[in-house]
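First comes the structure, then the notes that go with it.
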2 protein chains.
Amino acid sequence: MMLSPAPKISFKAQMLQAREDAIIVTVNRLLAEKGFDAMTVDEVAAQVGIAKASLYKHFPSKEDLAAAAMVRVMRRAQAYLAALPGSMAPLDKLRAVVRWTMELKLAGEMPSLPSQNSSLRATLIANADYMNGLIEVSDQLGAWIEAAQEQGLLNPQLPAIAVLYTLYARACDPVLEFLQMGGQHTDAEIADLVLSTCFDGLNARQAR
Amino acid sequence: MMLSPAPKISFKAQMLQAREDAIIVTVNRLLAEKGFDAMTVDEVAAQVGIAKASLYKHFPSKEDLAAAAMVRVMRRAQAYLAALPGSMAPLDKLRAVVRWTMELKLAGEMPSLPSQNSSLRATLIANADYMNGLIEVSDQLGAWIEAAQEQGLLNPQLPAIAVLYTLYARACDPVLEFLQMGGQHTDAEIADLVLSTCFDGLNARQAR
DNA sequence: GTCTATAGACCGATAGAC
DNA sequence: GTCTATCGGTCTATAGAC
C-alpha cells in the first residue's frame, strides 16, 4: 500500500485549485483591461489555455466568473487591511487603503464591472463570499472613518456612508486612466495627485 | 397659385427635425439609464414609435446615435457656460458647472458611455460637432481653472489638466447613484455633498 | 403617379451555454 | 464543436400623402 492516499487526493485537488486560480487571474486581468461586456468567455478559455467546456466545469456562467474575480480582489483587500500596523492612525489607514486600490487600478489589476447590469448584480449579491468580504471591509473602513471624524481629522459633517462611497469610488476613477493616457506623470505621481484631491479637495488650503 | 411654397418645404423639414430631436432625446434617456451596450437599436425605434429602417435614415449606426446624444449634451453644456453671468468669479463658475452636470446625472439625463469601446471612440472623435464642442468647453473651463489658481482659490500645485479631468469625472461619479439608491438624501443634498467633497475634500478644514 | 415612411421579415455575425 | 438567442444592419412590399 502507499504510505498515504491523502496526498494523492490533495494533489488532484491542488491541480483543480491551480487551474481555478489561473482562470480567476486571467478573468481579473481581462475585466480590468476591457470590462465585463467586452470580455468574452472564448477569450478567457483561450488565454487560460483550456477548453471552453472546462471553464463551465468550474463556473456556471460568465457572471460567476466575474464574481470569482471580485471575491479575489475582496480577499486581497481584507489581507491588506489586516496587515496595516495597529499603531497607524485611522486617517492614515484610510489613505493607505485608497492608495492601494489606486495602485491596483493603475497596474491594470482592478476589474471594472458595469454597475447597471442587473444579472451581474444579482450574481454578486447571491455570492456569500463576496458579500461577506464586502461587509467586513465596509465595517472596518466605517470604523476608521468614524474614528477619524471623532479625532477631527475627517470632516464630521459628512455622513460616514458618503465618505465610504467616495473612497470606494477611487477604485474606478476615470481620472486615473485619463492622466495615465496623457503620459505626463508616473503612476506614483498620479496616485499622489488623486489622493490629494480626494482628501484635500481642489480648493487651495492655508495649511499644507 | 399658392402664396408661398417655402413654408411647405419648411414644414417638412420641421417634421424631420422634430423626429430627429425625438430620437436623440430617447437615445439620451436610454443611454443614461442602461448604458451604450445594453441599449438596443430596436428598443430605440420602439420607444420613439418609428420603424427601425426610419432610424437608419437619420443615423447610419448605433454609434452615431450615441454621438448625436453626446453632441446634444455638449450643446447644452455650452449654452449653460455662456449663460453664466460674467460677474461671477471663476471658481464659482466652476462650482456651478459641476453642480449642473451632477444635477443632470441625478435627473437621469446624463448618457453614460463605456470609455473603452474603440468603435464608439472612433465615431466620437470623427464627429466634428462633438469634438469642437468638447474643445470649446475644455478651453473655457481651463481658462477659469487657471484664473482661479492665480487668484489663489484653487490649489496651484495641481496641474490644470488634472483639475479639468476631476471636474469632468463628476458627470459619471458612481457616488451620486449610490447615495441616490440609499434614499437617505434628496438630489439637492447629494449634489451639495459631492460638490463639497470635490472642492473641499474629505479632510476637516479649519475654515468653513 | 411619385415619393416616402412603415412594418416586418430577413441575414450574418457573435457570444453565451452546454 | 454545436446549438440557440440576440442584435446590428438590410431589404422588400404595402400604404398613404401630395
Side-chain angles (χ1 to χ4, degrees), chain A residues 19-20 23-24 26-27 30-31 33-70 111 113-114 116-124 126-127, chain B residues 1-24 26-27 30-31 33-70 111 113-114 116-124 126-127:
Chain A
R19 187 158 64 175
E20 206 156 291
I23 294 170
I24 295 175
T26 299
V27 168
L30 286 173
L31 283 180
E33 69 190 34
K34 358 185 21 173
F36 181 78
D37 289 313
M39 179 187 82
T40 71
V41 298
D42 296 76
E43 200 174 14
V44 174
Q47 294 209 4
V48 176
I50 63 177
K52 197 161 47 158
S54 307
L55 252 190
Y56 280 91
K57 294 286 185 194
H58 290 272
F59 301 97
S61 74
K62 185 186 180 184
E63 282 77 14
D64 288 278
L65 279 174
M70 291 308 294
L113 305 183
Q116 70 272 29
N117 185 321
S118 56
S119 77
L120 182 54
R121 274 194 76 83
T123 303
L124 277 177
N127 188 314
Chain B
M1 285 311 187
M2 306 303 289
L3 281 173
S4 57
K8 213 174 173 183
I9 298 172
S10 164
F11 174 75
K12 199 169 173 181
Q14 266 183 22
M15 287 288 91
L16 271 208
Q17 187 59 48
R19 187 158 62 178
E20 207 156 291
D21 288 346
I23 294 171
I24 295 175
T26 298
V27 168
L30 285 173
L31 283 180
E33 70 190 34
K34 359 185 19 174
F36 181 77
D37 290 312
M39 179 187 81
T40 71
V41 178
D42 296 77
E43 201 175 7
V44 175
Q47 293 209 5
V48 176
I50 62 176
K52 189 160 61 156
S54 306
L55 250 192
Y56 279 92
K57 294 280 186 200
H58 290 272
F59 302 97
S61 75
K62 186 187 179 185
E63 282 77 15
D64 288 277
L65 279 174
M70 292 307 295
L113 305 183
Q116 69 272 28
N117 184 321
S118 56
S119 78
L120 181 55
R121 274 194 75 84
T123 303
L124 277 177
N127 187 314

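Protein chains get the first letters and strands the later ones, always in sequence-line order, with residue 1 at the start of each. Note that this is a predicted model, so its numbers are computed, not measured.
- Rounded to whole Å, the distance from CG on L55(A) to P on dG1(D) is 17 Å.
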Protein-to-nucleotide contact annotation, 5' to 3' order, nucleotides 9-17 of chain D [B base; S sugar-phosphate only; - none; under 4.0 Å, heavy atom]: BBB------
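- To the nearest 0.5 Å, atom CE of residue M39(B) and atom CD of residue E43(B) are 8.0 Å apart.
- M39(B) places its CE atom 18 Å from the P atom of dT6(D), with the value rounded to the nearest Å.
- Of the possible polar contacts, one joining the T26(B) side chain to the A22(B) backbone as a donor-acceptor pair under 3.5 Å is found.
- Residues L65(B) and V27(B) approach most closely at O-CG1, 3.7 Å, considering heavy atoms.
- Counting to the nearest Å, the P atom of dT6(D) and the CG atom of D37(B) are 17 Å from each other.
- Within the helix from dG1(C)-dC18(D) to dC18(C)-dG1(D), the inter-axis angle between the opening and closing five-pair segments is 0°, rounded to 10°.
- The shortest distance between side-chain heavy atoms of P114(A) and D37(B) does not fall below 4.5 Å.
- Look at CG on D64(B): it is 13 Å from C1' on dG8(D), rounded to the nearest Å.
- Closest approach of Q47(A) to L30(A), counting heavy atoms only: NE2-CD2, 3.9 Å.
- Residues I23(B) and F59(B) come closest through the heavy atom pair CG2-CE1, 3.7 Å.
- Regarding L30(B), its CG atom lies at a distance of 12 Å from the P atom of dG8(D), rounded to whole Å.
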Residue pair L113(A), L124(A): steps toward the side chain to side chain contact (heavy atoms under 4.5 Å, CB included) verdict: CA-CA 11 Å; L113(A) 305 183; L124(A) 277 177; 3.9 Å; yes
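- Taking the ring centre of Y56(B) as origin, the terminal cationic atom of K62(B) falls outside the region bounded by 6.0 Å and 45° from the ring axis.
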